[in-house]
J.: 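I'd like to ask you about the structure that follows.
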Amino acid sequence: MRPRLLSTATETVAAAPVDSASATYRPSSGPNGLKEPLVHVGLHLRQQRGERRIATDEPKLMWTLVALVPHGPYWRTLAYLPAEHAGPGTWLDYATANCHFRARPLPEGRRRDELLPRHIDRALYELGGHAGPAQGYVMYVSGGEARSIWPLLANKNLGVTPDAAGQINKRLALPGFTLSPDQRPGAVVRVTSGSEDMVRPALIERLRHIPEYDEPVTEEGKLATGLFQMEKAEQTFILCNLPHQFTGGARYARAGESYTRWGSSDPKEQAETWYSHTATEITVLHHPADQALLTYGLAAARLCDHALHWEHRTQYPAPVHLGIQMDKDHPEYRRTVDNADGDDEAQT
């Protein structure tokens, strides 16, 4: 399938810092931008196995919700602090929630816990009290480990329509679907990056019209940062990313732009790290019938250009990225994920 360019880098890049009093973010710019003020909510979920690989050691289950809420001309960043012991869960400013979160131990649990979707939906319900002038919310879900929880996040169910109760095969189709229709997310977007089954851009073809020829001429290149849509895949968009070394000024930073490592005759160049495109997959799973899929795909892509502390693009939209950083900053964070309990069966 040949990808179709939908948005150039100049349309999607508008880098700005994000904190408790966020810099301005304008999703309404351009003909395909969002026109109404919305809350942007990111869900990150991760299961971490215990310190000992024995049956009695329960895994840790980590989930975060971060929301960008319209606040005048700016955006206020909130994070949800789940319930602990007898205390209820609550939405707090991101910095405050992050501080409290690090003081807690990671909770035990598994992705297959039956109450997990309802805990998340309860947090989304409580977000309504902080929404201000927003007219609903859009939810961005990190697709790596959430596909086994909600059926519509799995590739095999793409295009399936939930029933009137918001279920597929008697399971809640998407986050927020235990709520009444007017309290559910207006759109749900699955965002995946770094997965082994992700497509990786390798060659970019651009069409140019030359007056001397009757048909457009195809030019090949290896540099793109735009948003693409694959043919016969209306729901799915691919955001092309460049590694930071390629955009730097080192001597061999752009090794690989015109030829591969095996085509190089310079031993020093061969020893360098060669760049390759990476990609972020954006899949719009649910959206208002009167709005285009591209509107929400483009909103997710633009949110990838709102990093915390730098001017480069992130792998995930800002609300998901901020949730991932909360997880990684926890003192009990470990890069171990338990996939041996069958939780990933629904991902295909």
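Values below: all heavy atoms of this structure, side chains included; hydrogens, waters and symmetry mates excluded.
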J.: Between E126 and R122, does at least one N-O distance fall below 4.0 Å, as a salt bridge requires?
T.: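 Result for this pair is yes, salt bridge flagged.
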J.: Start with the C-alpha distance between L68 and V39, add both sets of side-chain angles, then the distance that settles side-chain contact (heavy atoms from CB on, under 4.5 Å), and finish with yes or no.
T.: CA-CA 6 Å; L68 298 183; V39 178; 5.9 Å; no
J.: Is there a side-chain contact between W75 and P70 in this structure, where contact means two heavy atoms from C-beta onward sitting under 4.5 Å apart?
T.: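 Result yes, sub-4.5 Å side-chain heavy-atom pair found.
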J.: Before you tell me yes or no, could you show the steps for R313 and L239 under side-chain contact (heavy atoms from CB on, under 4.5 Å), namely the whole-Å CA-CA distance, both residues' side-chain angles and the distance that decides it to 0.1 Å?
T.: CA-CA 11 Å; R313 179 178 288 175; L239 180 63; 3.5 Å; yes
J.: Would you indicate whether H130, at its atom NE2, is surrounded by more than 12 heavy atoms from other residues, nucleotides or ligands within a distance under 6.0 Å?
T.: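 Counting other residues, nucleotides and ligands, NE2 of H130 exceeds 12 neighbours.
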J.: Looking only at heavy atoms, which two atoms of S142 and A146 are closest? And how far apart?
T.: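 Here S142 and A146 meet closest at O-CB, 3.6 Å.
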J.: First locate atom CG of L293, then atom CD1 of I282, and finally report the distance between them rounded to the nearest 0.5 Å.
T.: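 L293 CG to I282 CD1: 12.5 Å, rounded to 0.5 Å.
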J.: Are the side chains of E332 and R104 in touch, meaning some heavy atoms are under 4.5 Å apart?
T.: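 A side-chain contact under 4.5 Å is absent here.
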J.: Say you draw a straight line from NZ of K328 to NE2 of H44; how long is it, rounded to the nearest 0.5 Å?
T.: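 K328 NZ to H44 NE2: 8.5 Å, rounded to 0.5 Å.
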J.: Could you give all pairs that pass the ring-ring contact (aromatic ring centres under 6.0 Å, His included) test and reach residues 165-184, with sequence neighbours left out?
T.: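 Sorted result for residues 165-184: F177-H286.
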J.: Without hydrogens or angle criteria, can the side chains of H40 and Y137 be said to hold a donor-acceptor pair below 3.5 Å?
T.: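 No pair is found: no donor N or O on one side chain lies under 3.5 Å from an acceptor on the other.
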J.: If you take all heavy atoms of S193 and T280, which pair is closest and at what distance?
T.: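 Heavy-atom minimum between the residues: OG-OG1, 3.8 Å.
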J.: Check whether the side chains of N155 and R190 place a donor and an acceptor atom closer than 3.5 Å, and report yes or no.
T.: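 Their side chains do contain a donor-acceptor pair, which is all the 3.5 Å distance test asks for.
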J.: When you compare the side chain of V191 with that of V320, does any pair of heavy atoms fall below 4.5 Å?
T.: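 SC-SC contact between V320 and V191 ruled out.
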J.: Out of Y140, Y80, Y94, which residue meets the side-chain contact (heavy atoms from CB on, under 4.5 Å) rule with V66?
T.: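 Exactly one candidate clears the test, Y94.
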J.: Let me see the working for E145 and Q47 under side-chain contact (heavy atoms from CB on, under 4.5 Å), right down to the final yes or no.
T.: CA-CA 8 Å; E145 291 192 54; Q47 182 175 307; 3.9 Å; yes
J.: Looking at D329, L92, T96, L106, which hits side-chain contact (heavy atoms from CB on, under 4.5 Å) with F101?
T.: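 Filter result, single survivor: L106.
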J.: Does any non-hydrogen side-chain atom of N169 lie less than 4.5 Å from one of P151?
T.: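 Side-chain contact under 4.5 Å: no.
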J.: Going from CG on L116 to CG on D121, what distance comes out if it is rounded to the nearest 0.5 angstrom?
T.: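 Result: 9.5 Å between the selected atoms.
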J.: Counting C-beta onward and ignoring hydrogens, is there a side-chain heavy-atom pair between L65 and I120 closer than 4.5 Å?
T.: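 L65 vs I120: side chains touch.
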J.: Test of understanding: clusters of I, L, V, M, F, W, Y form through side-chain heavy atoms closer than 4.5 Å, transitively. Do L179 and V41 belong to the same one?
T.: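 Result: yes, single cluster for both.
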J.: Flag yes if L61 and Y333 sit in one hydrophobic cluster, no otherwise; membership is Ile, Leu, Val, Met, Phe, Trp, Tyr, and two members link when side-chain heavy atoms are under 4.5 Å apart.
T.: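 Hydrophobic grouping puts L61 apart from Y333.
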J.: Using side-chain heavy atoms (C-beta onward) and a distance below 4.5 Å, is T77 in contact with D93?
T.: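 No, too far: nothing below the 4.5 Å cut-off.
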J.: Is the backbone of R110 close enough, under 3.5 Å, to the side chain of D113 for a donor and an acceptor to pair up by distance?
T.: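 Yes, the answer is positive, given that a donor and an acceptor are paired below the 3.5 Å cut-off.
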J.: More than 12 heavy atoms of other residues, nucleotides or ligands under 6.0 Å from CZ of R118: is that the case?
T.: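 No, CZ of R118 has 12 or fewer neighbouring heavy atoms, counting only those of other groups under 6.0 Å.
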J.: Just checking, any donor-acceptor pair under 3.5 angstrom between side chains of Q229 and Q235?
T.: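 Their side chains do not contain a donor-acceptor pair, so the 3.5 Å distance test is not met.
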J.: If you round to the nearest 0.5 Å, how far is CG of N241 from OG1 of T278?
T.: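 CG of N241 is found 4.0 Å from OG1 of T278.
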J.: Is any side-chain heavy atom of E281 closer than 4.5 Å to a side-chain heavy atom of I238?
T.: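 Contact flag for E281/I238 side chains = yes.
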J.: Where is the tightest heavy-atom contact between P319 and G42, given as atom of each residue plus distance?
T.: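 Taking P319 first and G42 second, the nearest heavy atoms are CB-N, 3.3 Å.
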J.: Is it the case that R46 and T64 place a side-chain donor and acceptor less than 3.5 Å from each other?
T.: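 Side-chain D/A pair, R46 to T64: absent.
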J.: Please list, chain by chain and in numerical order, all residues satisfying ring pair (Phe, Tyr, Trp, His ring centres under 6.0 Å) with H287, sequence neighbours excluded.
T.: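 H287 satisfies ring pair (Phe, Tyr, Trp, His ring centres under 6.0 Å) with no residue once adjacent residues are dropped.
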J.: Could you please spell out the steps behind the side chain to side chain donor-acceptor pair (under 3.5 Å) verdict for T192 and R147?
T.: CA-CA 11 Å; T192 308; R147 298 187 190 188; 3.2 Å; yes
J.: Which atom pair, heavy atoms only, marks the closest approach of R171 to S148?
T.: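 Closest approach of R171 to S148: NH2-O, 2.9 Å.
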J.: Walk me through whether L38 and L34 qualify under side-chain contact (heavy atoms from CB on, under 4.5 Å).
T.: CA-CA 8 Å; L38 296 171; L34 295 168; 4.0 Å; yes
J.: Which heavy atom of W91 sits nearest a heavy atom of L127, and at what distance?
T.: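 Between these two residues, the closest heavy atoms are NE1-N, 3.5 Å.
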J.: Got a second to check how far K35's NZ is from Q135's CD, nearest 0.5 Å?
T.: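 It comes to 13.5 Å.
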J.: Please name the pair of heavy atoms, one in A164 and one in R184, separated by the smallest distance, quoted to 0.1 Å.
T.: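 Distance-wise, the nearest heavy atoms are O-NH2, 4.3 Å.
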J.: Would you please say whether a donor-acceptor pair under 3.5 Å links the side chains of S264 and D266?
T.: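 Short answer, no.
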J.: Strictly distance-based, threshold 3.5 Å: is any side-chain N or O of Q48 a donor or acceptor partner for the main-chain N or O of R334?
T.: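 Looks like yes, one N/O pair under 3.5 Å.
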J.: Looking at CG of L45 and CD1 of I324, how far apart are the two atoms once the value is rounded to the nearest 0.5 Å?
T.: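 Reported to 0.5 Å precision, the distance equals 11.0 Å.
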J.: So do L158 and L152 actually touch side chain to side chain, heavy atoms under 4.5 Å?
T.: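 SC-SC contact between L152 and L158 ruled out.
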